[in-house]
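Take a look at the structure below.
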There are 2 protein chains.
Amino acid sequence: MSSLSKVDYKKFFWPIVIAAIIWLCSGFRPDGISLEAWRILAIFVGTIIGCIVQPIPIAGVAIVGITIAVLLKVVPMEEAVTGFGSNTVWLIAMAYFLSRGFVKTGLGRRVALIFIRMFGKKTLGLAYSLIGVDVLTGSATPSSTARAGGIVYPIIESLAEVYGSSPQDGTERKIGSFLIFSEFHGNNITSGLFLTAMAPNLLAATFAKSMGINISWITWFTAAIVPGILSLIIIPYVIYKMYPPEIKETPNAKEWANDELAKMGKITVAEKIMMAVFVLALALWMLSSFIGLDATFVAFLAVSLLLVTGVLNVSDILNETGAWNTLIWFSILIFMANELTKLGLIGWLSKTMGSMLSGYNWMIVLFVIVIFYFYTHYLFASGTAQTSAMYSALLAVAISAGAPHLLSALLLGFTAAIFGSTTHYSNGPASILFGTGYVKQSDWWRMNFILGLIYIVIWIGIGTLWMKLIGIW
Amino acid sequence: MSSLSKVDYKKFFWPIVIAAIIWLCSGFRPDGISLEAWRILAIFVGTIIGCIVQPIPIAGVAIVGITIAVLLKVVPMEEAVTGFGSNTVWLIAMAYFLSRGFVKTGLGRRVALIFIRMFGKKTLGLAYSLIGVDVLTGSATPSSTARAGGIVYPIIESLAEVYGSSPQDGTERKIGSFLIFSEFHGNNITSGLFLTAMAPNLLAATFAKSMGINISWITWFTAAIVPGILSLIIIPYVIYKMYPPEIKETPNAKEWANDELAKMGKITVAEKIMMAVFVLALALWMLSSFIGLDATFVAFLAVSLLLVTGVLNVSDILNETGAWNTLIWFSILIFMANELTKLGLIGWLSKTMGSMLSGYNWMIVLFVIVIFYFYTHYLFASGTAQTSAMYSALLAVAISAGAPHLLSALLLGFTAAIFGSTTHYSNGPASILFGTGYVKQSDWWRMNFILGLIYIVIWIGIGTLWMKLIGIW
């Protein structure tokens, strides 16, 4: 009946060869790394390379990767499937369903048109205003995934639809790609701006406290405000130049949006319910740090309400392939990355780093540590995971080298926000925004690498100077 | 844009009211049951009733149920999502993907036509021959889910398609419903026939051994052969009378199938690969008890091979909504049912049973225990779970009442096969076969209740007599 789907077999070469080389070099691995840790590293690196060259789409690469891991007895099957039961991954899935409700009811289109009416003259203005939404909700929404996936993405999806920009028909660069990528960075920057903008920050503060370093909300914010604001201004503009949208200006945007809004007529019941549920979710996400709510639970609650009111039906959910796609590949990558930590590879890496740096001037030590912390994020699929695995160890190295305590604690804290800007699996927002298909993987990695350098200059360089100025050290 | 989906609000009445009554009666709960256990029972019963009356489809009910459980602080969100990382559930998902490969390549149609050519004159004959496939692979495939979902279901799906029978257009009763339901029972009976036909049997044998009772493969088989063969003959016929297919005979089936096979032409490359992968999976499932392979791993391997060869592509997987549907509801029900055990409700139940029965004649005790074991399966979503939770405790009660050891161990063992025939969430095969939508939930429960009585007569009544005859007791 059907013929075979196209598979680019040549592209299997690099993932297999590099994984095999790492695997076979296990005899030369450094002391202190177990064979299991080395082998999961081989599989993980192979899978990541497979996700980059893509002989088949990444969800397929991930399934094949985890199958090989079980085949080679690196992990038991029972354990490998536990990756699909991760809280973050289900927050992402629920965010996709929420966003379906926005599109389905037409509320997304309405909000998008209002955005266009207000900020739509220039596409760059639109990007800044979307990031504004992230910043406004950021100080009180400690889940960056909830902000990116549950709050801003639904608006972007509708904006792209209004402008006829979609990866399905090759029109993604019209406007969607630019907005998605800008929001990804806006989200990361927001995460650095407030202590309460994402979980890794709170974790870092806890670790710092256990080492006698107190980071208050206001200390964090004062230290972050200059690099934060600078990034919020500069980064979207750099993206605009580096990765321009095809539609740059829509001079008659306001009139057009007004016409379209008029055509849409009065707000429907479905839209009203959708709006009420969204406002409730937003409020709960913002309250969550005070009343101890889980962000994933808020998303489940919102989706439940949409199901019970008939705004969404089960088949909308089952057909939301973006959610299932992310569920497959992101769960598997998170699982593998966590194994690296669990099997001691990350601990060994931090320890080795420390012993290599002993005897150097603290400035050098702190700088090297921060850079190391930044780039090792290529091995992680979550900021929380890396913070848990490395923050304390690296902070201890910096302190024992004589680096100012608060400065070190804050710089490492900020790094956990900006290292989000590395891979497409770096954190929840990356997986969800990348997963929409608007930005090609090669673009994602290439541009993020460049932007990463800018972040280092702004947050580590200028940030350190600013913290001197305000007396942090 | 879109209006609201239809939600039958009246149908929310019973699930909510009954759950609320149980919840509010927590003050009257028996000693020895914790408040947490009582509350999860309330939520579980409410969710099950919701799944029966279906104000919205069951995946929606399950999402709402687990959301309420988290909302009422019965379980934390982080824990609730772990249900999605279950080995069984991902075996089911992979089985759905395998079956997609059968249909997509046309191999399923070809095999179905060959089945029709050989057995297709009468629909009842077709059912017996499908069950034959389950029996033939049963002694060596210790995953009943792999047999039902990975081996037999793909053939049934294609058969139904060939006969134009599908729940999508209301033609499910033509032939599909009957074949699905017959295979469900054939699968359960096969599971009882061989010690190695499903995991709970092996678990039961292990528990029995730890109590000094040896059950060999041949002992089990000799004891099971009479009730097993009787069930294999009687049950499909009873289903045929109780739930007849609309197409009962196709006198010219052979000629027609021959024509259709001729039209299909030579076997394609995609079909050949599909067949090779299927034979490999079959062989590995059959070998799995000897070489210690995980059934879920075999399914991941098969799907990986289909992806790598291009027989399936990622979008086939993402669009296989049956898999996602089962993933949602079955994971949630498994999770809730496991909580009942974890929180001690099941342990309390078994203990209470024991103390209530002390002093009675062993025949009465054994009979009551078996019946109790059978019907408490309404509270479980897995045979393995219930065997783990109750087998040893109940066996101990029987033995202390003076019941013959081997007889008691075997009767309880068989019960774990036949109690599969209760709900649509009773085990993996139930979830996958029910999940196809061919059999209405009310039919599933009603007919299973009746068939359950027949199983009790055959396996417990006749089985006990047979075991007397061959000297088991």
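All values derive from a computational prediction rather than experimental measurement. Letters A, B, ... mirror the listed sequences (proteins, then strands); counts begin at 1.
Between chain B and the options Ile56(A), Asn87(A), Asn313(A), Thr309(A), the largest number of non-hydrogen pairs under 4.5 Å is found for Asn87(A). Between chain A and the options Ile68(B), Val7(B), Ile58(B), Val303(B), the largest number of non-hydrogen pairs under 4.5 Å is found for Val7(B).
Side-chain contact between Phe84(B) and Leu327(A) is absent, with no heavy atoms from C-beta onward closer than 4.5 Å. Taking 4.5 Å as the limit, some side-chain heavy atom of Leu318(A) sits within range of a side-chain heavy atom of Ile328(B). Put simply, the side chain of Ile63(A) reaches to within 4.5 Å of the side chain of Ile317(B), judged on heavy atoms. With contacts defined as side-chain heavy-atom distances shorter than 4.5 Å, the pair Val311(B)/Leu4(A) qualifies.
Heavy-atom minimum distance, Val308(B) versus Tyr9(A): O-OH, 3.0 Å. What you find for Val81(B) and Ser86(A) is that their closest heavy atoms are CG2-C, 3.9 Å. Looking at every heavy atom in both residues, Thr67(B) comes nearest to Ser304(A) through OG1-OG, 2.8 Å. Considering every non-hydrogen atom in both Val70(B) and Phe297(A), the closest pair reads CG1-CD1, 3.4 Å. The two atoms that bring Leu307(B) and Gly60(A) nearest to each other are CD1-CA, 3.9 Å, heavy atoms only.
Between the CH2 atom in Trp324(A) and the CD atom in Glu320(B) there is a gap of 12.5 Å [rounded to 0.5 Å].
Residue contact with chain B, scored on non-hydrogen atoms closer than 4.5 Å, is absent for Ser315(A). Only the side chain of Asp294(B) comes within contact range of chain A, with at least one heavy atom under 4.5 Å from a heavy atom of that chain. Contacts between Ile273(B) and chain A at a heavy-atom distance below 4.5 Å involve the side chain alone, from C-beta outward. When heavy atoms are compared at a cutoff of 4.5 Å, Ile66(A) approaches chain B solely by way of its side chain, counted from C-beta outward. Contact of Leu301(A) with chain B is made through backbone and side chain together, with heavy-atom distances under 4.5 Å.
Within a 6.0 Å radius of CD in Glu78(A), no more than 12 heavy atoms belonging to other residues, nucleotides or ligands are found.
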